[in-house]
Amino acid sequence: MTDLAAIQTARDNLRGQVLKTPFTLSRTLSDMLGAEVWLKFENLQFTASFKERGALNRMLTLSAAERAAGVIAVSAGNHAQGVAYHAQRMGVPAVIVMPRFTPTVKVANTRRFGAEVVLAGDTFDDAKAKGYELARERGLTMIHPYDDEAVIAGQGTIGLEMLQDQPDLDAMVIAIGGGGLISGIATAAKAIKPDIEIIGVQTERFPSMYAAIHGQDRESGAYTIAEGIAVKSPGTLTEAIVRRLVDRIELVSEADIEHAIVVLLEIEKTVVEGAGAAGLAALLQEQGRGGQRYHGKRIGLVLTGGNIDPLMLGDLIERGMVRAGRLARIRVDLRDLPGALAQATKLIADAHANITEVHHQRAFTALPVRNVEVDFVLQTRGHDHIEEVIGVLNRAGFAASNHDH
């Protein structure tokens, strides 16, 4: 099994080849959550993810013959880019197998690192079967994303760095997909500081490790915003380590993850993908329930990656603004007379809200004829300001209500 010595060796192997990323205190998040919150910025790695640590550590164990023959990996995401990038640096041929539906940008990024990309199958499992078939046919070495001792040791270097920078951590809250990251970090952290608490985080839609540990049979969902941890079955090696060293696993909702992505963007000015926000999502969820589990503790979170689609990020920002009351949709009933709309817009302007969209509805309404419904999308200062705008309209004789849900 992977032990502290293997992780320390991995740290020496990786030195100068992967970034020792910053691990810093977030004062604002700490104030918000009533705990000391430390953030490990793995989204600043060259491929914007921690995955290259484990991939490189595994590839450094290859014999000369294995290097010459080449490596293969099955991944539609960060592991693919980690393997391809370091294979290119090492002069090792790399084949990456991805499902056919993989977004073009991910395929292009992987090819940019010089890898041969093979698109096969509709699901990850189909792609995996093709990967093992190609490995046998061509004599390639499979670089597994998580169920491999050298990969686990590589990911564990993050735990060493966190405790080196902040030895007084009480807990680490770590995302779980296949379990490679938490296995490595837990192995390192518990060896150095046996009383440290290690908490795993999975999504409600992909609770494979949680279900395995609790002896439950839980179906995986079709989609999660945290696709980096959307793993249907945990690793054999990793499950054994999680059982032994992880104190508990939390499940978070899609809304919690969305909220965490926007909070990190707004407060830390840092972009993370869904999986990268899972740790913070667990803290926000606990606070939302009124729980005190993390209160007053020193907590380390790993921002595992930053590879999020810009269009999705745009949508998340907009939804986050709605949740915060910075963007609102209000519905106003007007008489269908000249000047009525102008009067309503002047009242909104006088209340210092900015109109970004107007939808004028005559036909699709239950109002009497000669009346119209108008939906205004407004930029506002917060929930109180929305109520203030509605109050101004109501007092002027317009029936106005909040329609932002």
Mind running side-chain contact (heavy atoms from CB on, under 4.5 Å) on Ile72 and Val118 for me, showing each step along the way?
-> CA-CA 10 Å; Ile72 187 165; Val118 176; over 6 Å; no
How far apart are the closest heavy atoms of [X] and [Y], and which atoms are they?
| X | Y | answer |
| --- | --- | --- |
| Ala400 | Ile390 | O-CG2, 3.6 Å |
| Phe23 | Leu301 | CE1-O, 4.3 Å |
| Ile158 | Phe50 | CD1-CB, 3.6 Å |
| Ile299 | Ala35 | CD1-CB, 3.8 Å |
| Thr304 | Gly276 | OG1-CA, 3.2 Å |
| Glu66 | Leu62 | OE1-CA, 3.4 Å |

[Y] versus [X], side-chain donor and acceptor atoms under 3.5 Å:
| X | Y | answer |
| --- | --- | --- |
| Arg53 | Thr157 | yes |
| His385 | Glu387 | no |
| Glu254 | Thr224 | yes |
| Asp256 | Ser253 | yes |
| Asn371 | Asp333 | no |

May I ask you to test the [X]-[Y] pair for a side-chain heavy-atom distance under 4.5 Å?
| X | Y | result |
| --- | --- | --- |
| Met162 | Thr21 | no |
| Lys128 | Glu133 | no |
| Arg248 | Arg293 | yes |
| Ile330 | Leu393 | yes |
| Ile241 | Arg244 | yes |
| Leu237 | Glu149 | yes |
| Arg11 | Leu14 | no |
| Leu163 | Asp165 | no |

Identify all side-chain donor-acceptor contacts of residues 171-192 below 3.5 Å with residues at least two apart in sequence or on another chain.
from, atom 1, to, atom 2, distance (Å)
Ser183, OG, Gly179, O, 2.7
Thr187, OG1, Ser183, O, 2.7
Lys190, NZ, Ile196, O, 2.9
Lys190, NZ, Asp247, OD2, 3.0

[X] side, atom [atom1]; [Y] side, atom [atom2] - distance, nearest 0.5 Å:
| X | Y | atom1 | atom2 | result |
| --- | --- | --- | --- | --- |
| Leu334 | Glu373 | CG | CD | 10.0 Å |
| Arg218 | Glu204 | CZ | CD | 8.5 Å |
| Leu44 | Leu303 | CG | CG | 8.5 Å |
| Gln379 | His352 | CD | NE2 | 15.0 Å |
| Asp3 | Thr9 | CG | OG1 | 8.5 Å |
| Arg335 | Gln343 | CZ | CD | 12.5 Å |

Could you tell me whether a side-chain N or O of [X] sits under 3.5 Å from a main-chain N or O of [Y], the two making a donor and an acceptor?
| X | Y | value |
| --- | --- | --- |
| Gln45 | Leu19 | yes |
| Asn57 | Ala150 | yes |
| Gln202 | Met209 | yes |
| Ser49 | Gly305 | no |
| Glu273 | Gly228 | no |
| Ser220 | Pro207 | no |

For the [atom1] atom on [X], are there more than 12 heavy atoms of other groups (residues, nucleotides or ligands in this structure) within a distance under 6.0 Å?
| X | atom1 | answer |
| --- | --- | --- |
| Arg319 | CZ | no |
| Arg67 | CZ | yes |
| Arg381 | CZ | yes |
| Asp217 | CG | no |
| His359 | NE2 | yes |
| Gln216 | CD | yes |

Given the options Glu52, Arg58, Gln17, His86 meets side-chain hydrogen bond (donor to acceptor under 3.5 Å, both in side chains) only with Glu52
Partners meeting salt bridge (Lys or Arg N to Asp or Glu O under 4.0 Å) with Lys346 (sequence neighbours left out) = Asp350
Using the test side-chain contact (heavy atoms from CB on, under 4.5 Å), find all partners of Arg243 that sit at least two apart in sequence or belong to another chain.
-> Ile213, Glu239
Under the side-chain contact (heavy atoms from CB on, under 4.5 Å) rule, what do Ile199 and Tyr294 come out as? Steps first, then yes or no, please.
-> CA-CA 11 Å; Ile199 297 121; Tyr294 301 106; 3.8 Å; yes
If you look only at distance, which donor and acceptor atoms sit under 3.5 Å apart when one is on a side chain in residues 90-97 and the other is two or more places apart or in another chain?
none

Does the pair [X]/[Y] count as a salt bridge with the N-to-O cut at 4.0 Å?
| X | Y | value |
| --- | --- | --- |
| Lys297 | Glu197 | yes |
| Glu116 | Arg138 | yes |
| Asp168 | Lys193 | no |
| Glu42 | Lys51 | no |

Mind running side-chain contact (heavy atoms from CB on, under 4.5 Å) on Phe206 and Val231 for me, showing each step along the way?
-> CA-CA 6 Å; Phe206 284 85; Val231 175; over 6 Å; no
Anything under 30° is parallel, anything over 60° is perpendicular, the rest tilted; go ahead and classify Tyr210 against His214.
-> tilted
Mind running side-chain contact (heavy atoms from CB on, under 4.5 Å) on Arg331 and Ser401 for me, showing each step along the way?
-> CA-CA 5 Å; Arg331 180 162 291 172; Ser401 57; 4.2 Å; yes
Give the table of side-chain donor-acceptor pairs shorter than 3.5 Å for residues 105-112, with sequence neighbours excluded, one pair per line with atom names and distance.
from, atom 1, to, atom 2, distance (Å)
Asn109, ND2, Val105, O, 3.4
Thr110, OG1, Lys106, O, 2.8

Under 3.5 Å, which donor-acceptor pairs do the side chains of residues 260-271 form with other protein atoms, sequence neighbours left out?
from, atom 1, to, atom 2, distance (Å)
Glu268, OE2, Ser26, OG, 2.5
Lys269, NZ, Glu266, O, 2.3
Thr270, OG1, Asn43, ND2, 2.9

